[in-house]
Amino acid sequence: MKHLLILAGLLIISQMITAQNGNVFETRTVKSEILKAERKYSIYLPPCYDETDRSYPVLYLLHGSGDDHTGWVQFGQVQHIADKAIASGSAGPMIIVMPDANTGKRGYFNDVKGDFNYEDFFFKELIPHIEKTYRVRSERRYRAVAGLSMGGGGTIFYSLHRPDMFAAAAPLSASTGSWSLEQYKERMNNRDGVSESAIEQHYKRHSIEGIINNASEEELKQIKSIRWYISCGDDDFLYEGNARMHITFKKNEIPHEYRVKDGAHTWTYWRMELPLVLEFVAKSFMQH
């Protein structure tokens, strides 16, 4: 009898621990007509997702260059960190979507040649798929975006291009595209059949200063309404672009948190920052 009670107690404890854990599905797919392919993504579903009919806010978490949708799962320890943040109360339950931007062509933006429009896929196909497939709150105030390096650049420009879509943006060690027009033309000089005017238009669309300086009063108001968290290590080779973004935001009175901390362009830094990102975006989802 005593052994049965002990076993029952262990079973209850095991069930309680399991109930506090979310689930990560490493590879799910969505069919893309825009990219003419099946696109992969990973997704984190918070604890008790399957036990209630509650809908949740969503964070789109973007990987860096050289990784894919599994980067935040394998190296970023997203499940462990999210479970811990939710259990401690520093972040509320949320769904975290990690799309693949490393198949076909690498990157989060529409190609200058117009033949691989990943950004169109993200907004027109991926987000609608997620909101149709999972219990996601679809209002802007319950949607955020974050990412590291190349994904930090995606975070910045998705938010600047579509400030009506996100309540919060958290670029980490971001690739900010802080080059001149001439440098940009040199980067594009191997693109056969692309006109100089097309390159200039592409440049303007991926220049932080250019977007902000040319924004209408209403667009600038929306950009200012996003809660921004910008973080970069003091030994990161992308520090200059992040510092310039901070200065541009300060000059244009765009509220933001800017953090420079001990660290480099490494997973050690991004794992350290992820709990803070989850706490930051969770506050964006709350009523004040």
Side-chain angles (χ1 to χ4, degrees), residues 27-42 60-72 97-130 145-166 169 171-215 219 223 237-238 241-242 244-245 265:
T27 301
R28 291 191 167 178
T29 61
V30 53
K31 185 177 181 180
S32 171
E33 297 295 337
I34 292 172
L35 300 179
K36 299 178 176 58
E38 291 282 332
R39 299 300 306 190
K40 297 177 181 178
Y41 63 92
S42 298
Y60 291 88
L61 186 60
L62 312 183
H63 66 78
S65 178
D67 286 325
D68 59 20
H69 59 292
T70 67
W72 276 107
V97 179
M98 296 154 278
D100 172 30
N102 194 40
T103 300
K105 292 186 180 180
R106 180 179 295 176
Y108 293 97
F109 308 133
N110 292 348
D111 189 81
V112 66
K113 295 178 74 172
D115 58 357
F116 194 83
N117 294 331
Y118 190 95
E119 186 170 344
D120 288 351
F121 154 75
F122 183 89
F123 286 102
K124 296 178 181 180
E125 294 181 326
L126 178 64
I127 289 179
H129 167 78
I130 295 299
V145 60
L148 66 90
S149 193
M150 179 180 78
T155 298
I156 292 167
F157 290 104
Y158 281 3
S159 301
L160 292 178
H161 293 165
R162 292 297 306 274
D164 59 307
M165 290 291 287
F166 301 106
L172 307 176
S173 311
S175 176
T176 60
S178 55
W179 42 66
S180 68
L181 176 57
E182 291 308 313
Q183 290 172 324
Y184 199 74
K185 287 179 179 178
E186 288 180 14
R187 287 171 59 90
M188 296 290 181
N189 64 6
N190 62 341
R191 303 295 183 96
D192 294 333
V194 180
S195 68
E196 187 167 320
S197 63
I199 292 175
E200 289 180 3
Q201 285 299 115
H202 202 262
Y203 170 78
K204 289 177 182 178
R205 187 164 173 78
H206 300 94
S207 163
I208 296 172
E209 293 88 347
I211 291 171
I212 291 174
N213 291 340
N214 292 306
E219 288 169 339
I223 291 170
F237 69 94
L238 293 175
N242 285 263
R244 285 180 59 181
M245 179 179 177
H265 204 77

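Owing to the predicted nature of the structure, the values given are computational and were not obtained by experimental measurement.
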- prompt: To the nearest 0.5 Å, what is the distance between NE2 (H206) and CG (N110)?
  reply: 7.0 Å
field: Nearest-0.5 Å distance that lies between atom CE in M150 and atom OG1 in T155
entry: 10.5 Å
field: Audit row: F157, I208, side chain to side chain contact (heavy atoms under 4.5 Å, CB included) steps and yes/no
entry: CA-CA 8 Å; F157 290 104; I208 296 172; 3.8 Å; yes
statement: Nearest heavy-atom approach of S32 to F121 is OG-CD1, 3.5 Å
Rounded distance [0.5 Å steps], CZ in F166 versus CG in L160: 11.0 Å
H69 backbone acceptor or donor facing S42 side chain under 3.5 Å: yes
task: Show your reasoning for whether side chain to side chain contact (heavy atoms under 4.5 Å, CB included) applies to K105 and Y118.
output: CA-CA 9 Å; K105 292 186 180 180; Y118 190 95; over 6 Å; no
statement: Closest heavy-atom pair, K40 versus T29, reported as atoms and distance to 0.1 Å, is CG-CG2, 4.1 Å
- request: Indicate yes or no: at least one non-hydrogen side-chain atom of R39 is less than 4.5 angstrom from one of P99.
  value: no
Which atom of A174 lies closest to which atom of G153, heavy atoms considered: CB-N, 4.0 Å
message: Keeping N242 on the side-chain end and L238 on the backbone end, is there a donor-acceptor pair under 3.5 Å?
response: yes
query: So do I34 and E125 actually touch side chain to side chain, heavy atoms under 4.5 Å?
result: yes
field: Separation between CD1 of I223 and CD1 of I212, rounded to the nearest 0.5 Å
entry: 5.5 Å
task: Look at the aromatic rings of Y158 and Y108 and report parallel, tilted or perpendicular, splitting at 30° and 60°.
output: perpendicular
query: Hey, is the main chain of A101 close enough, under 3.5 Å, to the side chain of H63 for a donor-acceptor pair?
result: yes
message: What I'd like to find out is whether the side chain of N102 reaches to under 4.5 Å of the side chain of D67, using heavy atoms alone.
response: no
task: Run the ring-centre check on F123 versus H161 and record whether the distance is less than 6.0 Å.
output: no
field: Point-to-point distance, once rounded to the nearest 0.5 Å, from OG1 of T27 to CG of D68
entry: 7.5 Å
- prompt: Hey, which of R205, R162, K124 is the one that makes side-chain hydrogen bond (donor to acceptor under 3.5 Å, both in side chains) with E119?
  reply: R205
query: Of the non-hydrogen atoms in G152 and P171, which two are nearest, and what is the gap between them?
result: O-CB, 3.6 Å
query: What closest approach, in Å, do G210 and S207 show between heavy atoms, and which atom pair accounts for it?
result: N-OG, 3.0 Å
Evaluation steps, side chain to side chain contact (heavy atoms under 4.5 Å, CB included), between N214 and K204: CA-CA 9 Å; N214 292 306; K204 289 177 182 178; 5.8 Å; no
message: Apply side chain to side chain contact (heavy atoms under 4.5 Å, CB included) to residues M245 and I156 and explain how you reach the verdict.
response: CA-CA 10 Å; M245 179 179 177; I156 292 167; 3.5 Å; yes
message: As an exercise, state the distance from CG of D100 to OG1 of T70, rounded to the nearest 0.5 Å.
response: 8.5 Å
